Amino acid sequence: MTEQHPDSRRHPLSGGALRPLRLNNPMGYVPHPLCREAAVEVQRYLGTKTAWSEELEKGKMFGVLVVDDGSGALAFLAAYSGQLAGRSDWDYFVPAVFDYLQADGYFKRKEAAISAINRQVEAWESRPQMVEALARLNQLKATADSEMKACRQAMEAAKVRRDAVREAWSKGEKKASPYASEEEMVAESQWMKAELRRCRKRHMEIIGWQQKVVDEMKAEVAQLRMQRKQKSEALQRWLFSQFRMLNARGEVRDLMDIFADTPMGVPPSGAGECCAPRLLQYAFAHRLTPVAMAEFWWGRSPVGEVREHLQFYPACRGKCLPILRHMLTGLEVEDNPYEQPADLQPEICYEDESLMVLCKPAGMLAVPGKTGAPSVYDFVKARCPNAEGPLVVHRLDMATSGLMVVAKTRRAHQLLQAQFAHRTVKKEYVALLQRPLPPGIPRQGTISLPLAADPLDRPRQHVDSERGKPAVTYYEMTGDERVRLIPHTGRTHQLRVHCAHANGLATPILGDMLYGTPGERLFLHAEKLTFEHPVTHQVMTFTAPPEF
């Protein structure tokens with residue numbers, strides 16, 4: 001180890017590993033040995049902070065950035081996301097890009113004013129007059145509903161009675177009747193309808209008066225809420241404008257400017273407070289050259305998400321990608337190793353006039369993306385320029401290899417898609433897990449975990465029992481780390497999440513950048529595909545063994 005640098009936030013590295021030629025891409029990377037060495041040092045330090053143990057156990061992302069100060073000696077910076085033990089300025093770590101937590105600072109003062117309005121709103125809503133007025137309104141509505149219901153029931157009973165009398169008269173029966181004539185029955189019907197209208201009008205007037213009383217009270221609360229909303233939005237805009245992000249060229253853009261060109265238009269909550277932006281900001285501000293960076297999770301996995309203790313993960317897309325595009329300008333950065341090469345092509349397994357079955361390589365898109373990289377759709381369109389319709393019937397993740405069926409006519413596409421919709425298509429996958437199953441997890445069974453997209457970190461999915469869509473997978477271990485997977489539903493990243501999640505196999509698929517440890521590739525392969533030919537109605541089964 002070299003001597004500790006006077007800057008307490010800069011920590012020495014032995015530098016035994018060869019330094020990379022370019023900075024790794026924070027959106028997709030295999031952790032460099034220098035980053036692993038730095039991460040071990042951070043983890044050792046966290047192990048000494050017993051006062052933080054309870055909070056750390058809940059889970060937090062930490063990051064390291066290996067830097068060069070120009071002398072050739074390497075050091076590393078460390079960061080955590082958000083706050084730790086109520087602070088964002090602990091000595092060992094780089095500080096926040098903008099620390100808005102000072103007790104007497106602008107943000108805290110404005111936040112206190114908004115909190116005061118919150119208390120006013122709560123006080124207004126819990127006032128005895130408001131509670132009594134709402135209770136009176138609800139009681140009047142209940143009384144109106146009860147009386148109106150009674151009127152309608154009386155009308156229905158009277159109609160049944162009149163219809164019985166009319167039927168008896170039509171048969172010539174002269175038994176006793178409550179009516180002397182048809183005119184008397186018509187008059188009764190008209191009177192009851194008018195009485196229903198009078199009842200409704202009377203109640204609506206009473207309810208209207210009470211509703212006006214309630215509305216006048218609510219108007220005062222609504223004004224407070226609007227004031228609170230305006231102050232909150234103004235404070236958020238001010239806060240984001242204070243996050244002035246540097247890049248390698250020394251250029252500065254605040255978060256409002258950076259996110260103006262994104263689909264969101266405004267920064268999401270917490271933008272600028274993740275590890276990667278903090279690390280780069282500190283490095284650029286202190287004229288340090290970034291060499292390699294990585295982020296790892298410490299603690300329990302959040303509910304629904306897949307985050308493993310000490311596992312490395314890429315930067316999040318929703319909050320960090322727009323910021324990092326700016327901050328990395330001026331640096332030589334490696335390509336994302338998980339983005340598809342330009343020369344990938346699928347292997348054709350079967351083809352006729354209606355469809356094509358092919359084996360997609362890992363790293364190739366199923367349908368065209370925003371980057372213009374090649375896809376299965378592009379391949380089929382180039383090979384069959386006269387093919388009709390959408391072509392692609394179902395998809396595989398870019399990182400997943402294996403069998404796909406593609407339609408060459410609109411009719412074939414429609415019929416094949418119906419089979420997928422009715423779940424009559426059978427798919428089997430094979431995967432290599434990162435490690436053997438933990439004790440207590442059966443070697444075969446069914447996983448049922450509903451999935452939903454993470455809006456701030458697409459394409460990541462998380463388990464969501466309330467808003468998630470049903471997702472069911474049958475699995476069977478065929479070796480210590482080899483597993484056969486049969487999905488009964490077709491959700492995005494279903495197999496990957498079901499393997500990695502603590503309530504699934506608790507073991508990520510080998511090479512899974514999003515839910516496990518990044519590697520040379522994702523070891524997940526669609527091995528078997530069975531469907532009915534849309535024209536001949538013959539059941540067809542294709543098998544393509546994986547190359548692992």
Side-chain angles (χ1 to χ4, degrees), residues 1-26 29-85 87-97 273-301 307-315 320 331 334 513 516-519:
M1 290 281 184
T2 57
E3 185 179 350
Q4 174 69 52
H5 193 278
D7 180 353
S8 63
R9 303 179 192 273
R10 203 182 313 176
H11 314 288
L13 273 176
S14 64
L18 290 175
R19 60 191 296 170
L21 297 177
R22 294 183 293 173
L23 179 70
N24 60 285
N25 192 315
Y29 59 91
V30 176
H32 190 274
L34 289 169
C35 288
R36 292 184 182 276
E37 180 186 344
V40 168
E41 291 297 321
V42 176
Q43 291 156 15
R44 184 179 293 117
Y45 175 78
L46 292 175
T48 68
K49 306 301 287 184
T50 55
W52 298 347
S53 297
E54 185 175 347
E55 182 172 352
L56 289 174
E57 178 62 20
K58 296 176 183 178
K60 182 167 286 292
M61 194 71 78
F62 289 85
V64 292
L65 175 64
V66 179
V67 294
D68 183 342
D69 64 2
S71 67
L74 296 179
F76 74 87
L77 308 174
Y80 53 86
S81 63
Q83 301 175 33
L84 179 59
R87 288 175 52 179
S88 56
D89 61 349
W90 293 105
D91 277 346
Y92 185 87
F93 303 94
V94 300
V97 174
E273 297 187 69
C274 296
C275 297
R278 284 185 175 184
L279 290 165
L280 291 170
Q281 185 82 359
Y282 190 87
F284 295 147
H286 292 78
R287 302 184 182 279
L288 303 173
T289 301
V291 175
M293 68 190 309
E295 297 183 44
F296 66 89
W297 183 260
W298 179 289
R300 291 197 305 264
S301 179
R307 295 284 193 223
E308 288 197 359
H309 181 55
L310 306 186
Q311 194 77 264
F312 289 95
Y313 293 97
C320 291
L331 287 178
E334 292 179 354
M513 177 190 71
T517 299

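Just so it is clear, the structure is predicted and the values come from calculations on it, not from any experiment.
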Under the salt bridge (charged side-chain N to carboxylate O under 4.0 Å, His left out) test, which residues partner Arg87, sequence neighbours left out? Asp89

Ignoring hydrogens and angles, write down the donor-acceptor pairs under 3.5 Å from the side chains of residues 274-290, residues two or more places apart or on other chains.
| unit_1 | atom_1 | unit_2 | atom_2 | d |
| --- | --- | --- | --- | --- |
| Arg278 | NH1 | Tyr80 | O | 2.7 |
| Arg278 | NH1 | Gly82 | O | 3.2 |
| Arg278 | NH2 | Gly82 | O | 2.7 |
| Gln281 | OE1 | Leu246 | N | 2.9 |
| Gln281 | NE2 | Arg244 | O | 2.8 |
| Tyr282 | OH | Asp7 | OD1 | 3.1 |
| Tyr282 | OH | Asp7 | OD2 | 2.6 |
| His286 | ND1 | Tyr282 | O | 2.9 |

Could you check whether any side-chain N or O of His11 sits under 3.5 Å from a backbone N or O of Ala38, counting only pairs where one atom can act as donor and the other as acceptor? no

Side-chain (Glu37) to main-chain (Leu13) donor-acceptor, under 3.5 angstrom: no

Do Arg19 and Asp68 touch side chain to side chain, with heavy atoms closer than 4.5 Å? yes

Taking the side chain as every heavy atom from C-beta outward, state whether Glu295 and Ser81 have any pair of such atoms under 4.5 Å apart. no

For Trp52 together with Trp298, are the ring centres under 6.0 Å from each other? no

Ala78: which residues meet the side-chain contact (heavy atoms from CB on, under 4.5 Å) condition with it, sequence neighbours left out? Val42, Phe76, Tyr92, Phe93

Quick check: do Leu23 and Val291 have side-chain heavy atoms less than 4.5 Å from each other? no

Which heavy atom in Pro31 sits nearest to a heavy atom in Phe312, and how many Å separate them? CG-CG, 3.5 Å

Scanning both residues in full, the closest heavy-atom pair of Ala85 with Trp90 reads CB-CZ2, 3.9 Å

Straight-line distance of Leu310 CG to Gln43 CD, nearest 0.5 Å: 4.5 Å

Do Glu308 and Ser301 have a side chain donor and acceptor closer than 3.5 Å? no

Taking the six-membered ring for Trp, is the centroid-to-centroid distance between His309 and Trp297 below 6.0 Å? no

